[in-house]
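The block underneath contains the structure these notes are about, expressed in structure tokens.
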Number of protein chains: 2
Amino acid sequence: MKPSVVTIEPNGHFCSDCAVRGSAVCSSLDAAELKEFEHLGRRVHFSSGETVFSEEDITTSFYNVLEGVMRLYKLLPDGRRQIVGFALPGDFLGMNLSGRHNFSADAIGAVTVCQFAKAPFGRFIEDRPQLLRRINELAIRELSQARDHMVLLGRRSADEKVAAFLLGWRERLLALKGPSDTVPLPMSRQDIADYLGLTIETVSRTFTKLERHGAIEIIHGGISLLDPARVEALAAA
Amino acid sequence: MKPSVVTIEPNGHFCSDCAVRGSAVCSSLDAAELKEFEHLGRRVHFSSGETVFSEEDITTSFYNVLEGVMRLYKLLPDGRRQIVGFALPGDFLGMNLSGRHNFSADAIGAVTVCQFAKAPFGRFIEDRPQLLRRINELAIRELSQARDHMVLLGRRSADEKVAAFLLGWRERLLALKGPSDTVPLPMSRQDIADYLGLTIETVSRTFTKLERHGAIEIIHGGISLLDPARVEALAAA
DNA sequence: GGCCAAAATTGATCTGGGTCAACCGCGTTT
DNA sequence: AAACGCGGTTGACCCAGATCAATTTTGGCC
């Protein structure tokens, strides 16, 4: 992706009516703190395919996803890619020890983030253990997800991977958009393949197989879960 | 493994001369805090193969590994196992959100841990943001390792997996035992296979292949890196 | 030492998913 | 509307690693 020309809203946004107010890092802050916090972040927009940060970049900012979906991935020198996760509104990105991001992040479709410069954010945390605790919670949640994903990558068959992915993705959207058997899939087949450790052909074939068996219906921009129980059985867990 | 009969040293240990004093969670505490901290933990021994905690258990304790090696793993209902990591002295276990461990932990050989009851430990952290920050650091480091491992599981060949494992394991031991081309492997071939998402036969064959090519020598309880550069080239990153 | 069980190695064969290649559908450009 | 490009699907074939099946080696334990 080409270097992005980002649009920065100069000001005029308020944390208090932010869409992710309840679920993001800032959920640990009270009204007074929020007022102060407001000055630290700035909304930044990225359009489809733009890279928000790269693996080898020195970390200068933290990011709070407000809208849209991002793919988080690592590349091997020869170009093989592993997507380590998809980021959704409420997710917090940029934590690391080395001072460098250890994965890259691209926008899938239009994305809005709340960007914080590293230093002032660090200072703000300093005397607010509540916020640190919240960040720790998010890290631990991600760690748990990462371990689940290791099981999927190391020990599950292609069918199980795809079924587990569909259910897991639906589950994540549930918190954001409410329950639905229609599961939008904004990412490409290649993204799904790189997330599951498969090839694009295998993902495609598995989708059509699920459809032939009446478990799902492939619709434009996503799938419809016709038989959730069947898909759950396939996911085998 | 059968329910363990653990040996508890009644008292008489001191954090100040603990082997992992410098690297573990407690590295964030000063001398005075350490004095208080000392009363919270108790040393517990486990012998080879004993289970320290299980995936579905409710978390009642945190653990700081003092001596030995543990395998951390998740099981699928049908018995397939994925080892999500090996714990070494200095590693901190038990953090979670759900109130349940999300993986199981067995001793590989004799293990000593410093065990903390959840509630008092939580209270101790309460007004010690330094300790919380340290725990956060450890979580972030693990997260980074978890992502690397996802790349390995999803996108690397068997040869690359084995080579990367040997180098990674040597790297971890470096911090504990100093540099060496002799790499002890206390875990079984089955453990290695379940860590790499392979079968025991493939691990065994890959070892012998590496030996035939003169890259390593298989010795009792481990391997010797005869040609580190060759192994690094095989690991392909 | 000799015996047994578990761990590791090795060989033969099979197969799930990868690779290579053709093709389809659809939105965009000219 | 023809031509193009791109994401996705489908088919034919192949191979890395799994599976199945013997051995061989190792490690307690009387």
Excluding sequence neighbours, so at least two apart, what forms side-chain hydrogen bond (donor to acceptor under 3.5 Å, both in side chains) with [X]?
X	result
D78(A)	R80(A)
E55(A)	K74(A)
K118(A)	none
Q145(A)	none

* Asked: When you look at R189(B) and F207(B), which way does the side chain to side chain contact (heavy atoms under 4.5 Å, CB included) test go after all the steps?
  -> CA-CA 10 Å; R189(B) 294 288 189 270; F207(B) 271 28; 3.6 Å; yes

* Using whole Å, report how far CZ of F207(B) lies from C1' of dA7(C). =>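 For the pair F207(B) CZ and dA7(C) C1', the rounded distance is 14 Å.
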
* To do: Rounded to the nearest angstrom, tell me the gap between atom CD1 in I108(B) and atom P in dA7(C).
  =>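 One finds 13 Å between P of dA7(C) and CD1 of I108(B), rounded.
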
* On DNA chain D, which is the earliest and which the latest nucleotide, 5' to 3', with an atom closer than 4.0 Å to a heavy atom of chain A? ->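 Using the under 4.0 Å cut-off, the span is dG8(D) to dA12(D).
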
[X]: salt bridge (Lys or Arg N to Asp or Glu O under 4.0 Å) partners, not counting sequence neighbours:
X	answer
R100(B)	none
R172(B)	D91(B)
R81(A)	D191(A), D194(A)

* Asked: the helix from dG1(C)-dC30(D) to dT30(C)-dA1(D): angle between its terminal axes, five pairs each, to 10°?
  ->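 End-to-end axis angle for the helix from dG1(C)-dC30(D) to dT30(C)-dA1(D): 40°, rounded to 10°.
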
* Please tell me if the side chains of V162(B) and L210(B) come closer than 4.5 Å, counting only heavy atoms from C-beta onward. =>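 Answer yes - side chains close enough.
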
* Are T199(B) and T202(B) linked by a side-chain donor-acceptor pair shorter than 3.5 Å? ->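 On atom types as modelled, these side chains qualify, holding a pair under 3.5 Å.
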
* Using a cut-off of 4.0 Å on non-hydrogen atoms, how would the nucleic acid contact of S204(B) be classed: base, sugar-phosphate, or nothing? ->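 Touches a base.
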
* To do: Only counting residues at least two apart or in another chain, list the ones meeting side chain to side chain contact (heavy atoms under 4.5 Å, CB included) with E232(B).
  =>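 For E232(B) the side chain to side chain contact (heavy atoms under 4.5 Å, CB included) partners, ignoring immediate neighbours, are L167(B), R170(B), P228(B).
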
* Is the shortest distance from a Lys or Arg side-chain nitrogen in R147(A) or E142(A) to a carboxylate oxygen in the other one below 4.0 Å? ->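 E142(A) and R147(A): not salt-bridged.
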
Tabulate atom names and distances for all N/O pairs under 3.5 angstrom spanning the protein and nucleotides 16-21 of chain C.
residue	atom	partner	partner atom	Å
dG17(C)	OP1	A158(A)	N	2.8
dG18(C)	OP2	T199(A)	N	3.3
dG18(C)	OP2	T199(A)	OG1	3.0
dG18(C)	OP2	T202(A)	OG1	2.5
dT19(C)	O4	R205(A)	NH2	2.8
dC20(C)	N4	E201(A)	OE2	3.0

* Give me the residues of residues 212-223 of chain A where at least one heavy atom lies under 4.0 Å from an atom of DNA chain C, by number, or none. =>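 Those residues whose heavy atoms fall under 4.0 Å from DNA chain C, taken from residues 212-223 of chain A, amount to none.
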
* To do: Fit a plane to each ring of F86(B) and W169(B), take the angle between them on a 0 to 90° scale, and name the class: parallel (under 30°), tilted (30 to 60°) or perpendicular (over 60°).
  =>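 Perpendicular: the ring planes of F86(B) and W169(B) meet at over 60°.
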
